[in-house]
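A short worksheet on the structure shown next.
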Amino acid sequence: MNPITKFKNWYELETERTTVSVPSACCLSSIGLDGYPNARFVSLKEIIGDAFMITGPITSRKGMELLNNPKASLVFWWTETERQVRIQGTAAQIDDDLADAYFKERNKASQLVSHISKQGESIEDPESFRQLFEEQEAGFRQREIPRPNNWSGFAITPTRIEFLEFKESRLHHRELFERVKESWKSTFLQP
């Protein structure tokens, strides 16, 4: 089976069973500008072709790290099905049309935060930032919020995908897919 198809099947099953509000949450790891690994949770938007789509500011730490070194990993843990998927691949910035479409899907509060925030930069007074949010919210009440130039996303094209299905016996079922030229090679791993 193609690993992208297998991922979609696993994701669909988890989505049907889960009580978690964000089953699309995954841990994105990048290589920091200081050489240390960096991890944070993001939300998978969709899969286009073989690429996993995530979004956010390209001027954030995450964005700068992926632009500097496009090697990335995603890890999904799904509680209901007791499954984990680990993906390693290469990140490439998405085009503006796709970024526009993803930005329009966000709720207005998320759009507004993206519009006024310099994600990850220090803030001296959280209360003044909240006031700025409220002022901008009033100003955009009847208007569309434009996508900021620094807000985009990344398509992560996998080179490896590992599927792990937990078993009570601890004899976990692990299958690794590795891209070899234009096809996938499958190997089973010991638990």
Q | side chain to side chain contact (heavy atoms under 4.5 Å, CB included) evaluation trace for Thr157 with Phe52 | A | CA-CA 6 Å; Thr157 303; Phe52 292 72; over 6 Å; no

Given Lys62, which partner from the list Val42, Leu67, Asn38 fulfils the side-chain contact (heavy atoms from CB on, under 4.5 Å) test?
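The single option meeting the side-chain contact (heavy atoms from CB on, under 4.5 Å) with Lys62 is Val42.
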
Do the ring planes of Trp78 and Tyr11 sit parallel (below 30°), tilted (30 to 60°) or perpendicular (above 60°)?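 Geometry flag for Tyr11 against Trp78: tilted rings.
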
Drop me the distance from [X]'s [atom1] to [Y]'s [atom2], to the nearest 0.5 angstrom.
X: Gln84; Y: Cys27; atom1: CD; atom2: SG; value: 10.5 Å
X: Leu74; Y: Ile54; atom1: CG; atom2: CD1; value: 6.5 Å
X: Asp96; Y: Trp151; atom1: CG; atom2: CH2; value: 11.5 Å
X: Glu14; Y: Thr79; atom1: CD; atom2: OG1; value: 6.5 Å
X: Arg61; Y: Asp34; atom1: CZ; atom2: CG; value: 7.0 Å
X: Gln111; Y: Ile116; atom1: CD; atom2: CD1; value: 12.5 Å

Exercise. Quick one: do Glu175 and Thr187 satisfy side-chain hydrogen bond (donor to acceptor under 3.5 Å, both in side chains)? Show the steps, please.
Key: CA-CA 6 Å; Glu175 185 175 13; Thr187 308; over 6 Å; no

### Task
State, to 0.1 Å, how close Ala72 and Ile156 come at their nearest heavy-atom pair, and which atoms those are.
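Closest heavy-atom pair between Ala72 and Ile156: CB-CD1, 4.2 Å.
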
- Closest non-hydrogen atom pair between Trp184 and Ile161, with its separation: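 Minimum heavy-atom contact is CH2-CD1, 4.2 Å.
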
query = Can Phe163 and Phe177 be said to form a ring pair (Phe, Tyr, Trp, His ring centres under 6.0 Å), step by step?
reply = CA-CA 8 Å; Phe163 296 88; Phe177 290 85; 5.7 Å; yes

Are any side-chain N or O atoms of [X] and backbone N or O atoms of [Y], one a donor and one an acceptor, separated by less than 3.5 Å?
X: Ser117; Y: Ser114; value: no
X: Ser128; Y: Asp125; value: yes
X: His172; Y: Pro191; value: no

*salt bridge (Lys or Arg N to Asp or Glu O under 4.0 Å) between Glu137 and Lys108: does it pass, once the steps are laid out?*
CA-CA 9 Å; Glu137 184 179 40; Lys108 198 135 184 176; over 6 Å; no

Examine the side chains of Arg40 and Ser30 and answer whether a donor and an acceptor come within less than 3.5 Å of each other.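 The answer is yes; a qualifying pair exists.
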
Do Thr81 and Arg17 have a side chain donor and acceptor closer than 3.5 Å?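 Side-chain D/A pair, Thr81 to Arg17: absent.
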
Q.
Looking at Phe133, I'd like to know if the NZ or CZ of Arg130 sits under 6.0 Å from its six-membered ring centre while staying within 45 degrees of the ring's axis.
A.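 No, Arg130 does not lie over the aromatic ring of Phe133.
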
TODO: Kindly indicate whether a cation-pi arrangement holds for Arg83 with Trp10, taking the cut-offs as under 6.0 Å to the six-membered ring centre and within 45° of the axis.
DONE: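 So Arg83 does make the cation-pi contact.
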
Heavy atoms from other residues, nucleotides or ligands near CD of Glu16 exceed 12 (cutoff 6.0 Å):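 Atom CD in Glu16 is crowded, with more than 12 foreign heavy atoms closer than 6.0 Å.
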
ask   = Would Glu165 and Arg174 pass as an ion pair if we require N to O under 4.0 Å?
value =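 Salt bridge absent between Glu165 and Arg174.
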
Exercise for the section: Please step through salt bridge (Lys or Arg N to Asp or Glu O under 4.0 Å) for the pair Glu178 and Lys185, ending with a clear verdict. Expected result: CA-CA 5 Å; Glu178 293 184 277; Lys185 178 187 173 218; 5.2 Å; no

_Step-by-step ring pair (Phe, Tyr, Trp, His ring centres under 6.0 Å) determination, His115 to Phe140_ = CA-CA 11 Å; His115 185 72; Phe140 281 108; 5.1 Å; yes

